[in-house]
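Order of listing sets the numbers, starting from 1, for every ligand and every atom in it.
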Amino acid sequence: MNNADRLQTVADRLRDKRRVTVLTGAGVSAASGVPTFRGPDGLWKKQRPETLATADAFRRDPRVVWEWYDWRRQVLSTKVPNRAHEVLAAWSERFPNFTLITQNVDGLHERAGTRNLIRFHGSIWEVLCWDRCANAPGRWWDDTVPFPQIPPSCPHCGGMLRPGVVWFGEPIDPDVIAKSTDALDCDVFFTVGTSAQVFPAAALAHEARHRGAFTVELNLESTPSSNAVDLSVQGPATDLLQTLEELLLGRP
Ligand code: OAD
């Protein structure tokens, strides 16, 4: 089957369906100029995750960790959503029961106007008090770019803030897990632009299929998920989602 036939099969599967769930990863933001993690120019080629994205690293050197997140926030503030984000935002309005679970912390799905979004790994635009001081809310939005002082301080206790992202070794918020698990009961489950190497996110497609969903992977290259889904289509997320959207809307 070529890509055109594969996408036609997916479009046929989507027609008249109500429950659609999509899991996205860094590949969806690649066309916006946001670096992925594991590609040839990926962030983890230049830095080791354990030196920057763990609570231990933060404890050891909060300044270095915050400099990296502050730099990423500066880069992200210059980026805009691409066609892949836009198509998914349109689906979030069109399908009656649509959930987008994203591993991305970049905020681009939000900026595209996506409804019913679950931020599986948190958001780089949220912060929380490192000491979880009693006066501070659990987490809050702060899009200051760049921070005038690194590490930024908690406005409630004067201690340090930390980024509102999930670091390696940290559990996913139980509420996020519960909502994501509910969304696995769907008609069609997509996994888009993720290397399917980070758990528990990487297990979601498998579980959705187990529950009866038709599972589809859209990715630039094959991944450990490719053989575990019903249909895998290789290509840029922007092109594949745009073609699917045209098929769904009946336009060439
Ligand atoms: P990765 O960088 O691991 O994988 C990105 C995937 O997107 C790869 O399989 C690429 O082939 C694919 N890709 C690249 N460009 C693409 C494009 N234009 N269209 C479609 N696919 C494309 O990123 P994630 O799977 O998102 O965790 O990584 C998962 C987690 O690992 C991240 O959320 C992050 C990271 O450590 C945390 O920050 C907690």
Query raised in the report: salt bridge (Lys or Arg N to Asp or Glu O under 4.0 Å) with Asp239: which residues, sequence neighbours excluded?
Result: none
Report task. Collect the protein residues that have a non-hydrogen atom under 4.0 Å from ligand 1 and hand them over in chain and number order. Result -> Gly25, Ala26, Gly27, Ala30, Thr36, Phe37, Arg38, Trp44, Gln103, His121, Val166, Phe168, Gly193, Thr194, Ser195, Val198, Asn219, Leu220, Glu221, Gly235, Pro236, Ala237
Query raised in the report: More than 12 non-hydrogen atoms from neighbouring residues, nucleotides or ligands closer than 6.0 Å to CZ on Arg18, yes or no?
Result: no
Query - Counterpart residues, side-chain contact (heavy atoms from CB on, under 4.5 Å), relative to Pro81 (two or more places apart) - result: His85, Leu108, Arg111, Ala112
Requested in this report: With sequence neighbours left out, write down each residue that passes side-chain contact (heavy atoms from CB on, under 4.5 Å) with Asn135, or none if nothing qualifies.
Outcome: His156
Query raised in the report: When the ring centroid of Tyr69 is compared with that of Trp125, is the distance short of 6.0 Å?
Result: no
Report task. May I ask you to check if Arg63 and Trp68 form a cation-pi contact, with NZ or CZ under 6.0 angstrom from the six-membered ring centre and within 45° of the axis? Result -> no
